[in-house]
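Here the structure comes first, spelled out in structure tokens, and everything after it is commentary.
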Amino acid sequence: MGWFKKSKKNAVQSDAKPELWSVCPACKAHIYKEEWEANIKVCPECAFNDKLSYKERLQLLIDEGSFKELNKEIKPTDHLKFVDAKGPYSEKANAAITKTGMNESIITGTGNINNIPVVIAVMDFRFLGGSLGSGTGDKILRAAEYALKHKRPYIIVSASGGARMHEGIVSLMQMAKTCAGIAKLNKAKIPYISILTHPTTGGVSASFAMVGDINIAEPGTMIGFAGRRVIEETIKQKLPDDFQTAEYLLKHGFIDKIVKRNEMKNFLSNVLQYTTAK
Amino acid sequence: MALNFEQPLSDLTKRIDELTKLNEDPKVNFNSEIAALKKEAQTMRGNLYSKLSAWDTVQVARHPDRPLIRNYIKDMFSDFIELHGDRCFGDDHGIIGGFATLGGKRLMLIGHQKGNSLESNIASNFGMASPEGYRKALRLMKLAEKYNLPVVCLIDTPGAYPGMEAEARGQAEAIAKNLTEMATLEVPIIVVVTGEGGSGGALGIGVGDAVLMLANSVYSVISPEGCASILWRDGKKAPEAAEALKITADSLLELGIVDKIIPEPTGGAHYDHSATMKEVKKAILKQLEKFNKISTRKLIEKRFNKYAEIGKFRKG
Ligand SMILES: [Zn+2]
């Protein structure tokens, strides 16, 4: 019974050293940190796939020692000289750089997946909510052009709240820019695989993330264009519980497959056998 | 309908109307007074419209009397043949389109449809398109490609429709697909933002070789109200957000998002439809002429470079 489990856990929690425990963001279960990490941040209680940093994601998908980063120097640009209630965007961007050790919300580079050379881009939600800044869009496009030039499959792992408001219209245009890159790959018959991870919403879902030759999602991933609250306010009715989950999108035909985190790498290399068949 | 900043002008207009009515009595003569007031109104209109804030401009862009796609179809284009349906699920009314002729040039017209009354707005979902709208638009673009017709897209939407069904049928996918396909469409695409350019819902039919904006239209990644409620935690800060987001035609020209601004008559497009349409027509025809001369390969390459340049990282 769920109730027993919960009460037991709460009892453990009260006298536990917090540094030993991880809390599942979905079900709030307290899991031994060691177990949590060993399980690649998939909750053993509710199977929620928690967000991964770009390093964790690369470790999961790319053969050890094979990753080489591209365009690392690309950083956010404050096109609008944007200042909101909390201060200038430029300061916010710098704080994100310091916090994450990344220069933008995405890392791009080359590497191997079970010995198959690919170009890969990995978004990291820690960097301003994985938002689509101009630096993000530029890196996605440049990586696409690299894939085109070297005829390598392109893989993007999305994790994003959508456009970056602080870059205004320039952020919006990155949707068109990244899709233009994907269009080039399509014309040249270069494979493009999109992996949607929690969460992939707004402008990112409505651009490169949704136009993969193959769209793959992790279990429970939230995927959608408009926010749940906005929709509820607009239509004045409650939405189904599974609304905008990977499972919901699979059911409605927008995802090819939901793949468990620990099976993702092998699934990718299996798929790539077909896309690069001779 | 008078906008907030137009209130003094509206008061003045009312006085002119009253006086004109009194003047019908043959025993009085207010001709010179009326002429003076009319002149004053014209000066005031010029003054008010010469210093609109970003937030004022949003109000003008959303003005219910602003020319809508149905007005352009009726008074600016000719021989319109509307085409319906996405061939998958339905026929959206938030986006309409079909064959149209402009100054003797045949083309494919696609645009958001807002209404000017509650009834017509409900019928067209206030210009908020569903996936079927974006898919219909793409179908028409592909048809234009087949028949070698240029595409003209008129943008006027608060955004894509945020509804349960719209999500279930793939609002995100529909927009994403359009962005991808429009990047390599083999005919010229001329985009005109005529009113409200609302985020992804606008961009979904907004990728083009030339992007033009009417002087008092706006184009933004998020509505000022939405941005204010997120970043200011107060929807009432929309005027500040509108300023910060740089959503006016002047700002967007400076940012390199827009290629040309189409002038509006003093008092805004809603004040004089025919003068507005004359300018829009001139601007579109000029672009069509320019892009008709370019080879398909060059056209697509230029379009790609245009978007690749937007927000391209530069050191320092
Ligand atoms: Zn859990």
Side-chain angles (χ1 to χ4, degrees), chain A residues 71 73-75 77 79-80 82-86 133-135 137-139 141 163-184 186-187 202-203 205-211 223-227 230-231 234-235 237 239-240 243-244 248 252-254, chain B residues 128 159-184 197 199-200 202-204 206-207 219-222 226-228 230-234 237 240-241 244-247 251-252 255-257 303-304 307-315:
Chain A
N71 299 308
E73 71 286 357
I74 293 181
K75 289 194 284 199
T77 304
H79 303 278
L80 311 184
F82 191 90
V83 181
D84 63 24
K86 284 194 191 138
S134 59
D138 209 29
K139 286 177 88 168
L141 180 64
R164 191 176 295 165
M165 278 178 280
H166 314 75
E167 291 191 26
I169 195 85
V170 184
S171 167
L172 184 74
M173 291 300 148
Q174 301 311 304
M175 292 168 65
K177 174 168 168 171
T178 53
C179 284
I182 302 306
K184 262 197 170 179
N186 290 344
K187 293 273 171 201
S205 76
S207 59
F208 58 88
M210 202 50 88
V211 290
I223 304 164
F225 181 62
V230 174
I231 298 170
T234 307
I235 65 172
Q237 73 185 75
L239 297 164
F243 186 64
Q244 294 184 329
Y248 183 87
H252 285 89
F254 294 101
Chain B
M128 295 184 286
Y161 182 58
M164 181 171 77
E165 306 269 288
E167 293 285 317
R169 295 199 295 271
Q171 190 71 284
E173 191 272 347
I175 293 172
K177 177 108 187 250
N178 282 16
L179 303 183
T180 310
E181 294 294 325
M182 290 178 90
T184 53
S199 193
L203 188 62
V207 177
Y219 198 176
S220 180
V221 67
I222 184 171
C227 180
I230 298 170
L231 293 183
W232 276 260
R233 305 221 168 266
D234 179 2
K237 300 280 188 205
E240 278 94 324
L245 284 167
K246 304 232 179 357
I247 61 180
S251 298
L252 295 173
L255 285 165
I257 307 295
R303 192 185 303 151
F304 178 85
Y307 284 92
E309 275 302 311
I310 298 178
K312 188 172 186 175
F313 180 73
R314 285 181 179 84
K315 273 187 196 142

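In what follows, chains carry the letters A, B, and so on, assigned in the order in which the sequence lines appear, proteins first and then strands, with residues in each chain numbered from 1. Quantities reported herein were computed from a predicted structural model and do not represent experimental measurements. Just so it is clear, the values below take in all heavy atoms, side chains as well, and ignore hydrogens, waters and symmetry mates.
Using a 4.5 Å heavy-atom threshold, the side chains of A:Leu141 and B:Phe304 count as touching. Put simply, the side chain of A:His252 does not reach to within 4.5 Å of the side chain of B:Arg169, judged on heavy atoms. Using a 4.5 Å cut-off on side-chain heavy atoms (C-beta onward), B:Ile310 and A:Gln174 make contact. Side-chain atoms of B:Leu231 and A:His166, non-hydrogen and from C-beta on, do get closer than 4.5 Å to each other. Taking 4.5 Å as the limit, every side-chain heavy atom of A:Ile169 sits out of range of all side-chain heavy atoms of B:Val221.
A:Lys75 touches chain B through backbone and side chain together, each having a heavy atom under 4.5 Å away. With a 4.5 angstrom heavy-atom cutoff, B:Lys315 touches chain A only via side-chain atoms. Residue A:Glu167: no heavy atom, backbone or side chain, is found under 4.5 Å from chain B. For B:Ser220, the part lying near chain A is the backbone, with the side chain staying farther off; criterion is any non-hydrogen pair under 4.5 Å. With a 4.5 Å cut-off on non-hydrogen atoms, A:Ser205 touches chain B through its backbone and its side chain both. Neither the backbone nor the side chain of B:Ile247 comes within less than 4.5 Å of any heavy atom of chain A. Heavy atoms closer than 4.5 Å to chain A are found in the side chain of B:Ile257, but not in its backbone.
A:Asp138 places a side-chain N or O within 3.5 Å of a backbone atom of B:Phe313 that can act as its donor or acceptor partner.
With rounding to the nearest 0.5 angstrom, the CD atom of B:Glu181 is 10.0 Å from the SG atom of A:Cys179. Note that the NZ atom of B:Lys312 and the NZ atom of A:Lys177 stand 7.5 Å from one another [nearest 0.5 Å]. Rounded to the nearest 0.5 angstrom, B:Glu165 CD and A:Ile231 CD1 are separated by 11.0 Å. Separating the CZ atom in A:Phe82 from the SG atom in B:Cys227 is a distance of 4.5 Å, to the nearest 0.5 Å. Note that CZ of A:Phe243 is 7.0 Å distant from CE of B:Met164, once rounded to the nearest 0.5 Å. The CG atom of A:Asp84 lies 10.0 Å from the CZ atom of B:Arg233; values are rounded to the nearest 0.5 Å.
A:Met175 approaches B:Ile175 most closely through the heavy-atom pair CE-CG2, 4.4 Å. Closest non-hydrogen pair, B:Ala168 versus A:Phe254, comes out as O-CE1, 3.3 Å. Among all heavy-atom pairs drawn from B:Leu245 and A:Met165, the shortest one is CD2-O, 3.6 Å. Considering all non-hydrogen atoms of both residues, B:Gly200 and A:Phe225 come closest at CA-CZ, 4.4 Å.
Taking chain A as the reference chain and counting heavy-atom pairs below 4.5 Å, the highest number among B:Ala172, B:Ala183, B:Ala160 is found for B:Ala172. When the candidates B:Glu173, B:Arg303, B:Glu309 are compared by the number of heavy-atom contacts under 4.5 Å with chain A, B:Glu173 comes out ahead. Most heavy-atom pairs under 4.5 Å with chain B: of the set A:Ile74, A:Asn186, A:Val211, this distinction falls to A:Ile74. The most heavy-atom pairs under 4.5 Å with chain A, out of B:Ala244, B:Gly159, B:Gly256, come from B:Ala244. Annotation: maximal heavy-atom pairing with chain B below 4.5 Å, among A:Lys86, A:Lys184, A:Gln244, occurs at A:Lys184. Each of A:Ala206, A:Ser134, A:Ala226 has some count of heavy-atom pairs under 4.5 Å with chain B, and the biggest count is that of A:Ala206.
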Full working for side chain to side chain contact (heavy atoms under 4.5 Å, CB included) between A:Met173 and B:Tyr219: CA-CA 11 Å; A:Met173 291 300 148; B:Tyr219 198 176; 3.5 Å; yes
B:Tyr161 and A:Ile235: CA distance, side-chain angles, deciding distance, side chain to side chain contact (heavy atoms under 4.5 Å, CB included) verdict: CA-CA 10 Å; B:Tyr161 182 58; A:Ile235 65 172; 3.6 Å; yes
